[in-house]
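Following: one structure in structure tokens, then a few remarks.
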Amino acid sequence: MFTITALVILVVMALALVRAFKGPTLYDRILAVNNFGTKTVLLVAVMGFLYGRPEFLDIAIVYVLINFISVIGILRFFEYAGKKNAEEEA
Amino acid sequence: MEILFDIVSWICLVAGSFFCLTGGIGLLRFPEFFSRIHAASITDTLGAGLIMIGLMFQAGWGLVLAKLILILLFSLIAGTTASHAMAKAALKSGLQPQVVGTMDSETGGAPSKS
Amino acid sequence: MLGGIYSLLSASFFIDLDAVDVAFTEASVGAGISTLLMLASLKLVNRYERKTRYKPLLALGVITITGALLIYGTLDMPHFGDPNAPAQQHVVPRYLNESMAEIGVPNVVTSVLASYRGYDTLGETLVIFTAGLGVMSLLLVSSRTKKESKNLVPADMRQQIILRVVAKMMIPLILIFALYVQFHGDYGPGGGFQAGVIFAAGVILYTMLFGLGVSQRAFHPEVIILLTAFGVLMYAGVGVACMLLGGNFLDYNVLRHDPIHGQHLGILLVELGVGITVAAVMITIFYKFTWRTVKHKYHQ
Amino acid sequence: MLYVLALSTMLSAFWLVNSGHYTPLILSFMVVSVIFVAYLCHRMDVVDGESQPLNLTFSIPGYWLWLIKEVVVANIDVARRVWLGPKSISPMVINIKASQKTDLGMVIYANSITLTPGTVTLDLQGNRLKVHALTKEAAAGLITGEMDRRVSRVEG
């Protein structure tokens, strides 16, 4: 059961990756990365149960926090960098 | 009791996976950024929530359960805030949502074409 | 940004290989901090790019030779997962089987990192310290260049009510979680490196949202620079204390009457030193980068 | 001071929940860490009624139950539209007023809107909210102001 869930999450991560590569705007990419991050949290938690090692949950917590911080950081950065850079990136 | 918990947790896991998958497909299928946020928000709320609840039923009473609840709360708050921050930043950078109309609560909720 | 995805992915691989601690590090360092620092440095490089003054061919030659040597070195390495590999035969069984008895710490990775391989880890901490020094001196030298950039302003929190309130709730939890990771390195995944990075991430979040000035009022940059050195000194100091008590450098057994307690104390102190250095260096680097991007506002 | 106490309690609880090791050594580390973090947070000036919402602790569970129900219903609706395809959506931007008195109340309202799939808060200025809704129905649901009233009641 955990295996199926983990596989589905992997598929969703792949979908998010497709969106991250396709763009078309910078914000689509950030959204995809953020989504990818939240899926990683789920995957880590499910894997913890799959292997029967609940210490994995600590890693999941770190992921939640770090994912949040990095998304905010990326947004801040592009806000600073201004519109011109954002368009070049996109 | 044990078997009941298992069944409930399996149902939650399957339903959660389904919602995650739906959100992932929506992320690809919806036409523009602002509607894609809604798709992503499915995976973040009900998808993640159901999977976590499914895991909670497997965890039994104890620290693992508490940690799962913590992760769920954190990810809900952080995910919500991140969605908002992204939408706001996108709007600020000049990305305009494609809409069929706008509404204002002060004009009595009447739709006005923009 | 794709780098961020990459490190999330690789963290998943490490989990697959059952290397919890490595995954933990990758999660905290790779996914968050390195992305941010990369973006920040990209930005600096973009704006300040000048003609190269050194001879690129020479450097290329050196790099090629080094690379070739490294590749040549790997040819002799055993295949991945080969049970006859020296790594599997020589010390690992001892580490795995006897660390509980000799050191009394359930997490093998921590005991290897901080005790058996104490020298290596001291070296790594010094590398981080040196990296911090390097960044500081680099940014200090080039800060004489005067360039106009108007698009950078400190965070205006009145515009960001939601972020402000949520961050206020999250930051204390991030900091306490970092300390939790710090002190539970003996039991679960974690330890000084990871804790330092998480702590720094909390401070960085604070800086990003509330602005550099406010943040530096709470965490004085001078104090933090002192702390970078303090962490290394603490590590080395533990080693010297061991010598004074009649043991070898970093031989924790002599710290207490009971070797296991001595090991425990030594590891704790050493990990704390690592954590302090890592956190302080990260924060310093971030401050320097941010200062570079906003300083024109303060100079004019 | 009250808020510092509340923060320390919360931090200790967080530590105890995570730790699972209740030896005297680790517990003393907990005390040191909690004091240290509380001191830092005091310096950072993040300890106040906004981060430690003491006054609404009692009325919040009922609101959560209602919100969970809303989130589930909205999820099913949005999921249906994902499978139906892009033609089934009718994005709207709406402007609504938040009737909460404090920033915290408005943040709860704005985040509840974002949490519900189908609606995302785009901007919060003064007490005006700009919301992007995936469908006309979601927009209309928000304009009735039920969530707004409930959040105001939680705020007390």
Side-chain angles (χ1 to χ4, degrees), chain A residues 1-2 4-9 11-16 18-20 22-39 41-46 48-49 54-58 60-61 63-72 74-76 78-79 82-83 86-87 90, chain B residues 6 9-10 12-14 16-29 32-34 36-37 39-41 43-44 47-48 50-52 54-55 58-59 62-68 70-79 81-83 85-95:
Chain A
M1 188 45 60
F2 293 136
I4 296 174
T5 314
L7 283 178
V8 172
I9 295 173
V11 170
V12 178
M13 285 162 97
L15 292 176
V18 172
R19 179 46 77 199
K22 262 171 85 179
T25 68
L26 170 73
Y27 294 98
D28 283 302
R29 291 181 217 270
I30 299 179
L31 179 67
V33 171
N34 181 36
N35 201 33
F36 192 88
T38 54
K39 293 295 93 56
V41 173
L42 284 183
L43 186 66
V44 169
V46 174
F49 276 83
E55 308 98 278
F56 281 93
L57 293 178
D58 280 355
I61 297 181
Y63 264 108
V64 176
L65 299 175
I66 295 287
N67 190 38
F68 176 64
I69 294 177
S70 61
V71 166
I72 300 291
I74 292 170
L75 287 176
R76 269 278 120 115
F78 284 110
E79 213 172 286
K83 222 165 137 191
E87 274 161 12
Chain B
D6 271 359
S9 104
W10 288 345
C12 285
L13 284 176
V14 171
S17 308
F18 171 75
F19 275 108
C20 275
L21 196 63
T22 309
I25 290 169
L27 200 61
L28 287 184
R29 210 167 170 194
E32 44 110 30
F33 170 72
F34 289 95
R36 282 181 199 133
I37 293 184
S41 124
T43 63
D44 280 357
L50 280 174
I51 288 181
M52 283 296 173
L55 292 180
Q58 295 284 333
L63 284 179
V64 177
L65 179 72
K67 275 192 195 182
L68 283 172
L70 260 183
I71 295 176
L72 184 57
L73 279 182
F74 264 168
S75 59
L76 283 181
I77 296 176
T81 313
S83 300
M86 279 186 282
K88 183 171 176 171
L91 191 72
K92 231 175 147 185
S93 79
L95 196 66

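The chains referred to below are lettered A, B, ... by the order of the sequence lines, with proteins before strands, and numbering in each begins at 1.
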task = Take B:Thr43 and A:Leu42, measure what side-chain contact (heavy atoms from CB on, under 4.5 Å) needs, and give me the verdict at the end.
result = CA-CA 10 Å; B:Thr43 63; A:Leu42 284 183; over 6 Å; no
Could you tell me which portion of [X] (side chain, backbone, both or neither) has an atom closer than 4.5 angstrom to a non-hydrogen atom of chain B?
{"X": "A:Leu7", "value": "neither"}
{"X": "A:Thr5", "value": "both"}
{"X": "A:Asp28", "value": "both"}

inquiry  = Show, in sequence, the C-alpha distance, side-chain angles and deciding distance for B:Leu13 and A:Phe49, and conclude whether the side-chain contact (heavy atoms from CB on, under 4.5 Å) test is met.
reply    = CA-CA 12 Å; B:Leu13 284 176; A:Phe49 276 83; over 6 Å; no
task = In sequence, state the C-alpha distance, the side-chain angles, and the governing distance for A:Ile4 and B:Ser17, and then conclude on side-chain contact (heavy atoms from CB on, under 4.5 Å).
result = CA-CA 9 Å; A:Ile4 296 174; B:Ser17 308; 5.7 Å; no
ask   = Is the shortest heavy-atom distance from the side chain of B:Met52 to the side chain of A:Val46 under 4.5 Å?
value =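 No, side chains not in contact.
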key: Part of B:Ile25 within contact of chain A (heavy atom distance under 4.5 Å)   =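 Both backbone and side chain.
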request  = Would you name the heavy atoms of A:Arg19 and B:Leu28 that are closest together and state the gap between them?
outcome  =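 Heavy-atom minimum between the residues: NH2-O, 2.9 Å.
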ask   = Between A:Ala45 and B:Leu55, what is the shortest heavy-atom contact and its length?
value =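 That closest heavy-atom pairing would be CB-CD1, 3.9 Å.
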inquiry  = Suppose we screen for side-chain contact (heavy atoms from CB on, under 4.5 Å). Which residues come up paired with B:Ala78, at least two apart in sequence or across chains?
reply    =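 Listed in chain order: A:Val64, A:Phe68, C:Met170.
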query = Which is it for A:Leu31 and B:Leu27 under the side-chain contact (heavy atoms from CB on, under 4.5 Å) test, yes or no, and what are the steps along the way?
reply = CA-CA 9 Å; A:Leu31 179 67; B:Leu27 200 61; 3.9 Å; yes
Leading residue by heavy atom contact count with chain B [cutoff under 4.5 Å; candidates A:Asn35, A:Leu65, A:Thr38] =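 Heavy-atom pairs under 4.5 Å are most numerous for A:Asn35.
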task = Apply side chain to side chain donor-acceptor pair (under 3.5 Å) to B:Thr22 and list each qualifying residue two or more places apart in sequence or on a separate chain.
result =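 Testing B:Thr22 for side chain to side chain donor-acceptor pair (under 3.5 Å), a comparison that skips the adjacent residues, returns D:Trp83.
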